[in-house]
Every structure is written in C-alpha cells, then in structure tokens.
Amino acid sequence: MSTKFDAENAENLEEIEKQWAVKAVEQAQVYWNLLAAIPPRSLRLTKIDDEIFEDFSNTFPEFIDDDAKLMELDEDTIKNKENKERWRNFMMRYEKTVKDFNFGTMVRPKADEEYGQENSMFVPRMQFYAIEIARNRLGLNDAIHVVAKKDAEETKAAKALKKAKKTLG
C-alpha cells in the first residue's frame, strides 16, 4: 500500500543530501569559470534568458529599480514567507520549460565576491537563473570577468617568465 509523499515532513537521508551538495558545488564552480571566461553581458544561461529577465523584472521590480538589492542579496528578505510565495509562483511558470527548474543550486549573496563558505546561499535553480541573468544583463558581474581575465594574464606571464629563466639557465 502506498502513501502520499509529504515533502514538508519528509526526512532527508544524509547521503542524498551530500550528493545534492556535491552537485551544487560543481555547478557553482562551472558558473564561476563561465563568468571568468565569457563577458557576463553576453553569457546565456538558458535558451529563454530574455523571457526570464522580462518576467523577473515585472515580478520583482524592486531588484531592477535598486540594483544594490541584486549586488547583495538579503537571505531573510528572499526567503521570508511573503517572498517565498512570490518566488514559488514565479518558478512554477517555468516548470515545463526549464529543465531541473526546482533543483537546488547555489547563488552568491554578494555579487562582487567568489563563491565561498560565507558567500553561498542554497536556492532553487530557477531562482539562481533569474538572479544571475539579471546580474549579467545589468553589468553587475562585469568586474568579476575583468579581474579573472587580469589574473589569467598575470599567471600566463609568470609561467612564460619562469620558462624563459629555465631556458636561459
């Protein structure tokens, strides 16, 4: 006899939680590398970025009107009861069009900092897409790309110098 699954009262198995955490960390690393490699304003996260950005802008105009709210996300504001419902309604519009729209992933509360223990928030993937597409469109991730590009150039120059010194003796 089967019973209906109750997500609100379900217990999570530790191993399943670890697997989700590993997947979320891997996704965060891939995204960070994309920000470093590709100018964020031209980065496409989904096939429907334009639609997501427009819907996000209309549903959550407070983030567009005050980009400081996108630069530094307030977890309490995003996850309070009222906004949880707004986000749920927003995300459900993409249930059939965005793969894994409700899978857990990580977003950086502070847009100008790398992922880290103090700069990671666990959110549904659709919420990540909405926030990061907006950050990219508004140029809020541009500084990350510039710094990463500069770091890569410095690393390349240091390797070339080391190779030249080794060759010369």
Do D49 side-chain atoms and L45 backbone N/O form a donor-acceptor pair below 3.5 Å? yes
Under-4.0 Å salt bridge between E85 and R88: yes
So that I can tick it off, tell me whether E118 and K110 are bridged by a salt bridge, with the cut-off set at under 4.0 angstrom between side-chain N and carboxylate O. no
Looking only at heavy atoms, which two atoms of A134 and L70 are closest? And how far apart? CB-CD1, 3.7 Å
Could you tell me whether the side chain of T46 reaches within less than 4.5 Å of the side chain of K99, counting heavy atoms only? no
Scanning both residues in full, the closest heavy-atom pair of F56 with F90 reads N-CE1, 3.6 Å
Would K84 and N89 count as a side-chain contact (heavy atoms from CB on, under 4.5 Å) here? Give the steps. CA-CA 9 Å; K84 235 179 173 176; N89 293 334; over 6 Å; no
So, taking the atom named OG1 in T77 and the one named CD in E62, what distance separates them when rounded to the nearest 0.5 Å? 9.5 Å
Between F103 and L34, is there a shared hydrophobic cluster once you connect ILVMFWY residues whose side-chain heavy atoms come closer than 4.5 Å? no
Could you tell me whether a side-chain N or O of D55 sits under 3.5 Å from a main-chain N or O of E51, the two making a donor and an acceptor? no
Heavy-atom closest pair, residues R41 and N136: CG-O, 3.3 Å
Quick one: do Y31 and V147 end up in the same hydrophobic cluster if we chain Ile, Leu, Val, Met, Phe, Trp and Tyr together by side-chain heavy atoms under 4.5 Å apart? no
Are D142 and R135 within salt-bridge range, i.e. N to O under 4.0 Å? no
Rounded to the nearest 0.5 angstrom, the OG1-CD distance for T105 and Q27 is 3.0 Å
Heavy atoms of H145 and A36 approach each other most closely as ND1-O, 3.0 Å
Would N83 and R86 count as a side-chain hydrogen bond (donor to acceptor under 3.5 Å, both in side chains) if you check the C-alpha gap in whole Å, the side-chain angles of each, and the deciding distance to 0.1 Å? CA-CA 5 Å; N83 284 327; R86 289 173 71 202; 2.9 Å; yes
For residues E95 and N102, determine if any side-chain heavy atom of one lies less than 4.5 Å from a side-chain heavy atom of the other. no
All heavy atoms of A24 vs all of G104, minimum pair found to be CB-O, 4.3 Å
Please report the interatomic distance OG(S57) to CG(L138), rounded to the nearest 0.5 Å. 7.5 Å
State, with a plain yes or no, whether a side-chain heavy atom of W87 is found less than 4.5 Å away from one of M126. no
Hey, what do you get for CZ (F60) to CG (D65), rounding to the nearest 0.5 Å? 13.5 Å
Near-ring test F101/Y129, centroid separation under 6.0 angstrom: no
Same cluster for L35 and V146 if Ile/Leu/Val/Met/Phe/Trp/Tyr side chains link at under 4.5 Å? no
Between Y115 and M106, is there a side-chain heavy-atom distance shorter than 4.5 Å? yes
Same cluster or not: are V30 and L43 linked, directly or through other Ile, Leu, Val, Met, Phe, Trp or Tyr residues, by side-chain heavy atoms under 4.5 angstrom apart? yes
If we only count heavy atoms from C-beta on, is the R125 to V98 side-chain gap below 4.5 Å? no
Between D100 and K23, does at least one N-O distance fall below 4.0 Å, as a salt bridge requires? no
Pair R108-N141, side-chain donor/acceptor within less than 3.5 Å: yes
Calculate, to the nearest 0.5 Å, the distance between atoms NZ and CD1 belonging to K47 and I52 respectively. 12.5 Å
Does any part of the side chain of I144, heavy atoms only, come nearer than 4.5 Å to the side chain of D112, both counted from C-beta? no
Closest heavy-atom contact between L73 and F63? CD2-CE2, 4.1 Å
Residue pair K162 / T167, side-chain heavy-atom distance below 4.5 Å: no
Could you check whether D74 pairs with K69 (Lys NZ or Arg NE/NH1/NH2 to Asp/Glu carboxylate O, under 4.0 Å)? no
Single-linkage hydrophobic cluster M92~I48, side-chain heavy atoms < 4.5 angstrom: yes
